[in-house]
There are 4 protein chains.
Amino acid sequence: MTTEQDRGEARCNQVLDAAATCFRQRGFHGASMAELARAAGMSVGHIYHYFENKEAIIAAIVERDVAEILALLDSLHDEEDILQALIREAGNEMEESPCSDEALQVEILAEASRNPKVAVTVHEGDRRARTRLAETIASGRARRGLPPLADLEARTEIIIALFEGLMLRRIRHPKAVDDATIAVLRSTLHTLLET
Amino acid sequence: MTTEQDRGEARCNQVLDAAATCFRQRGFHGASMAELARAAGMSVGHIYHYFENKEAIIAAIVERDVAEILALLDSLHDEEDILQALIREAGNEMEESPCSDEALQVEILAEASRNPKVAVTVHEGDRRARTRLAETIASGRARRGLPPLADLEARTEIIIALFEGLMLRRIRHPKAVDDATIAVLRSTLHTLLET
Amino acid sequence: MTTEQDRGEARCNQVLDAAATCFRQRGFHGASMAELARAAGMSVGHIYHYFENKEAIIAAIVERDVAEILALLDSLHDEEDILQALIREAGNEMEESPCSDEALQVEILAEASRNPKVAVTVHEGDRRARTRLAETIASGRARRGLPPLADLEARTEIIIALFEGLMLRRIRHPKAVDDATIAVLRSTLHTLLET
Amino acid sequence: MTTEQDRGEARCNQVLDAAATCFRQRGFHGASMAELARAAGMSVGHIYHYFENKEAIIAAIVERDVAEILALLDSLHDEEDILQALIREAGNEMEESPCSDEALQVEILAEASRNPKVAVTVHEGDRRARTRLAETIASGRARRGLPPLADLEARTEIIIALFEGLMLRRIRHPKAVDDATIAVLRSTLHTLLET
DNA sequence: GATGAATGAGCGTTCATTCAT
DNA sequence: GATGAATGAACGCTCATTCAT
């Protein structure tokens with residue numbers, strides 16, 4: 001039973017990985033279910049055993065992304081200086097520029113703009129991530145003896161906007177993110193988090 | 001002759017306005033040429049007299065947006081304090097929340113991620129807008145007697161990222177932009193521009 | 001203009017003729033739009049210029065059938081003895097066994113059982129045909145000096161049931177309709193109409 | 001062994017009951033094997049242990065219906081006046097309007113129009129039911145001292161047509177069968193059976 | 001006996017684009 | 001300039017059927 005469950009979950013992740021790649025390369029509407037199926041190594045029809053339709057696949061990708069972010073934020077609580085860790089991680093993420101994630105994120109945003117079901121998933125995921133980031137910042141400040149922030153939520157918004165905005169900049173300006181930009185990013189985060 | 005040219009230009013703008021509305025509401029792939037034609041008050045076939053194909057329409061929208069941004073930046077040079085004007089305008093733009101422009105911008109980004117022709121237009125448009133903003137900032141600082149910035153391009157990048165990022169935040173969190181957030185935005189811009 | 005209208009109408013009828021043939025031979029769900037298109041001598045997509053979808057095609061067939069029945073009933077009013085003409089026509093229709101119409105009629109009934117839009121068209125068409133038949137019977141009796149019928153609607157129902165039932169009998173029993181059966185049909189109609 | 005056979009038969013009937021319900025509600029092509037399986041409380045694959053394919057299921061439904069009709073006709077032989085019993089039962093069946101059986105019957109007719117295997121089952125079943133009804137009528141007349149009918153088969157055809165036709169009328173005219181119609185039905189059957 | 005994962009052809013429908021008028 | 005009829009490939013999705021377990 002457990003084996004079967006695992007198998008099903010593995011198959012699901014196979015689809016999500018394939019879909020993330022396809023959506024990145026061809027867009028949500030540009031990637032056909034036939035392409036997803038080929039990339040996932042299964043038949044078109046079988047994908048529908050795991051996902052009700054195409055929008056359910058992108059919703060699942062969103063949820064997986066949120067879980068990853070929450071895990072990253074949680075891991076920061078083990079660090080001595082949470083705020084420093086946040087600033088460090090933000091820069092690292094941008095530096096790595098792992099696999100043109102901006103292309104996938106923009107597809108998610110585009111679909112959320114139009115598709116109410118995807119919008120709900122995105123809103124809820126953002127609420128959870130946003131709340132956790134605010135908590136992480138508050139913890140970090142407390143641990144450092146800094147006073148609580150009256151505008152914690154607003155600063156959190158700006159930090160997320162800065163981070164997502166910089167990632168999406170790569171679409172309009174592929175060389176946007178260089179060492180100098182990351183230095184300014186870090187200094188801006190310093191102002192927002194530590195003052 | 002001039003009248004004919006004007007008429008053609010007006011017809012073009014009719015198409016661009018209609019297309020901007022349609023793309024905003026239904027997405028680039030979601031809006032059909034038939035919808036565009038209906039919204040523009042002309043036949044499907046006639047749109048092809050003005051635009052080679054659908055991607056040429058979104059490219060033209062991008063160029064019109066860039067022209068608008070350049071005009072706005074130019075207008076700031078008439079102000080006494082350019083930097084203050086920049087900060088003021090940034091806040092105003094975000095406050096107005098004109099007509100869910102984020103939905104159109106995300107369509108442009110999505111299409112630029114995938115479509116090389118649109119990408120070229122977007123890259124070039126961004127280069128011009130970015131350069132002009134950097135010049136505007138330099139002028140503003142000079143006029144205020146502030147020293148030239150070694151990291152001018154990087155700061156410009158961060159400012160654009162902040163601005164675009166905040167606009168796109170509305171997709172994931174419709175209430176992202178409130179008075180508190182704009183206050184933090186203005187204070188961050190102050191740090192980036194005036195120190 | 002008139003020519004264009006005619007052309008459009010002719011194209012529509014081209015589709016309806018092709019659809020009637022295809023539905024007869026393969027059933028409503030068995031006949032694909034590709035088959036219809038081939039039979040109608042036009043592209044799949046073009047059929048959608050004339051009909052919103054597949055169910056609109058069968059609805060249009062129903063309406064055309066109703067118009068034909070109404071025309072037939074109207075033509076009977078020119079006869080000297082309408083009741084005799086009705087009995088004669090009923091027998092003739094069954095004798096001719098024109099083109100396995102039962103197969104198309106059963107498809108219409110099957111679709112009307114399930115599809116609310118088709119059901120509405122069928123109900124409305126039946127109401128018109130039923131009312132006209134009752135009027136025709138009343139006229140015929142009046143012209144013959146027979147007294148008005150208290151159970152006119154009920155007799156009309158039974159007559160239609162008899163007629164449709166006999167047509168559909170050919171599906172369960174292809175030899176159902178022979179001279180002897182038609183003789184009994186005529187004698188039953190005599191009892192229902194002329195007594 | 002007998003127990004096992006009974007179990008198998010019960011499972012078969014489970015499938016047939018479920019299928020009758022599904023076909024009634026969604027049509028033969030509209031009802032998927034997955035729906036049948038769910039309604040029958042067993043897996044999709046297992047249905048294929050009992051029935052070769054989907055058409056075998058509808059054929060089995062036809063055979064069960066025929067058996068039921070034969071049983072009903074046989075039971076009439078115990079009545080004192082078989083003809084009166086026939087007329088009474090016909091009216092009762094129509095009055096009860098059990099469970100929109102017309103929707104299932106029309107699916108059977110539609111499938112028989114197209115599917116040769118189903119057609120064979122339907123033809124054979126009809127032959128048996130038709131023959132038995134003719135025998136029943138002959139018995140009834142003999143028991144009443146009425147002379148044998150030269151057109152027995154033709155009258156039988158008309159009676160069946162009347163009965164099936166009236167049932168199918170409900171599709172085109174849901175209120176077709178009311179007390180007045182049943183009265184005319186009974187009087188018509190009287191003429192056909194007792195004169 | 002019993003399951004349900006897996007297939008892939010085929011469905012109705014849409015759409016950017018062309019071109020005769 | 002301006003129209004909209006016409007195309008046909010491609011889309012998301014469904015489904016009867018099979019078969020390893």
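Order of the sequence lines fixes the chain letters, A, B, ..., with proteins taken first and strands second; residue numbering starts at 1 for each chain.
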Study note, to complete from the structure: Every stem of 3 or more Watson-Crick or G-U pairs under 3.5 Å that DNA chain F joins, in order of first number, is E:2-21 with F:2-21
**Study point:** Among E/dT7, F/dT17, E/dT13, the nucleotide that comes nearest once only the side chain of C/Asn53 is considered
**Key:** E/dT13
Review point. Which is true for B/Met33 with a 4.0 Å heavy-atom rule: it touches a base, it touches only sugar-phosphate, or it touches nothing?
Key: base
**Study point:** Phosphate OP1/OP2 of F/dG1: any B/Arg11 side-chain N/O under 4.0 Å
**Key:** no
Check your understanding: Which residue, B/Gly45 or A/His49, contacts DNA chain E at a nucleotide closer to its 5' end, judged by nearest heavy atom?
Key -> A/His49
Point to revise | Any donor-acceptor N/O pair, D/Glu107 side chain to D/Phe28 backbone, under 3.5 Å | key: yes
Review point. How long is the line joining OH of D/Tyr48 and P of E/dG1, in whole Å?
Key: 16 Å
Exercise for review: Report the distance from atom CD1 of A/Ile47 to atom P of E/dA5, rounded to the nearest whole Å.
Suggested key: 15 Å
Point to revise | A/Glu68, CD atom: more than 12 neighbouring heavy atoms under 6.0 Å | key: no
Practice item. Counting heavy atoms from C-beta on, name the nucleotide in E/dG12, F/dG12, E/dA2 closest to the side chain of C/Lys54. Key: E/dG12
Check your understanding: Any sub-3.5 Å donor-acceptor pair from A/Glu111's side-chain atoms to A/Ile108's backbone N or O?
Key -> no
Check your understanding: DNA chain E: B/His29 or D/Met42, which has the more 5' nearest nucleotide?
Key -> D/Met42
Point to revise | Euclidean distance, atom CD1 of residue D/Ile57 to atom C1' of F/dT17 [Å, nearest integer] | key: 12 Å
Check your understanding: In whole angstrom, what separates D/Arg26's CZ from F/dT14's P?
Key -> 11 Å
Check your understanding: Starting at CG of A/Leu36 and ending at P of F/dG12, how long is that distance when rounded to a whole Å?
Key -> 8 Å
Check your understanding: 5'-most contact on DNA chain F: B/Gly41 or D/Phe28, nearest heavy atom basis?
Key -> B/Gly41
Study note, to complete from the structure: Nearest-nucleotide check on DNA chain F, D/Gly30 vs C/Tyr50; residue mapping nearer the 5' end is C/Tyr50
Review point. Atom NE2 of D/His46 and atom P of F/dT17: how far apart are they, to the nearest Å?
Key: 17 Å
N/O donor to acceptor pairs below 3.5 angstrom from side-chain atoms of residues 38-53 of chain B, sequence neighbours left out:
| from | atom 1 | to | atom 2 | distance (Å) |
| --- | --- | --- | --- | --- |
| B/Ser43 | OG | B/His46 | N | 3.2 |
| B/Asn53 | OD1 | B/Glu55 | N | 3.4 |
| B/Asn53 | OD1 | B/Ala56 | N | 3.2 |

Exercise for review: Would you give the length of the straight line joining atom CG of D/Leu104 to atom CG of D/Asp65, rounded to the nearest 0.5 angstrom?
Suggested key: 6.5 Å
Practice item. Starting at atom CD of C/Glu9, determine the distance to atom P of F/dA5, rounded to an integer number of angstrom. Key: 15 Å
Exercise for review: Specify the separation, in whole Å, of atom CZ of A/Arg38 and atom C1' of E/dG8.
Suggested key: 13 Å
Exercise for review: Determine whether D/Leu168 and D/Leu109 make a side-chain contact, defined as any pair of heavy atoms from C-beta on separated by less than 4.5 Å.
Suggested key: yes
Check your understanding: Do A/Arg172 and B/Gln105 have side-chain atoms, one donor and one acceptor, less than 3.5 Å apart?
Key -> yes
Practice item. Would you classify D/Phe51 as touching base, sugar-phosphate or nothing, given that sugar-phosphate means primed atoms plus P, OP1 and OP2, and contacts are heavy atoms under 4.0 Å? Key: nothing
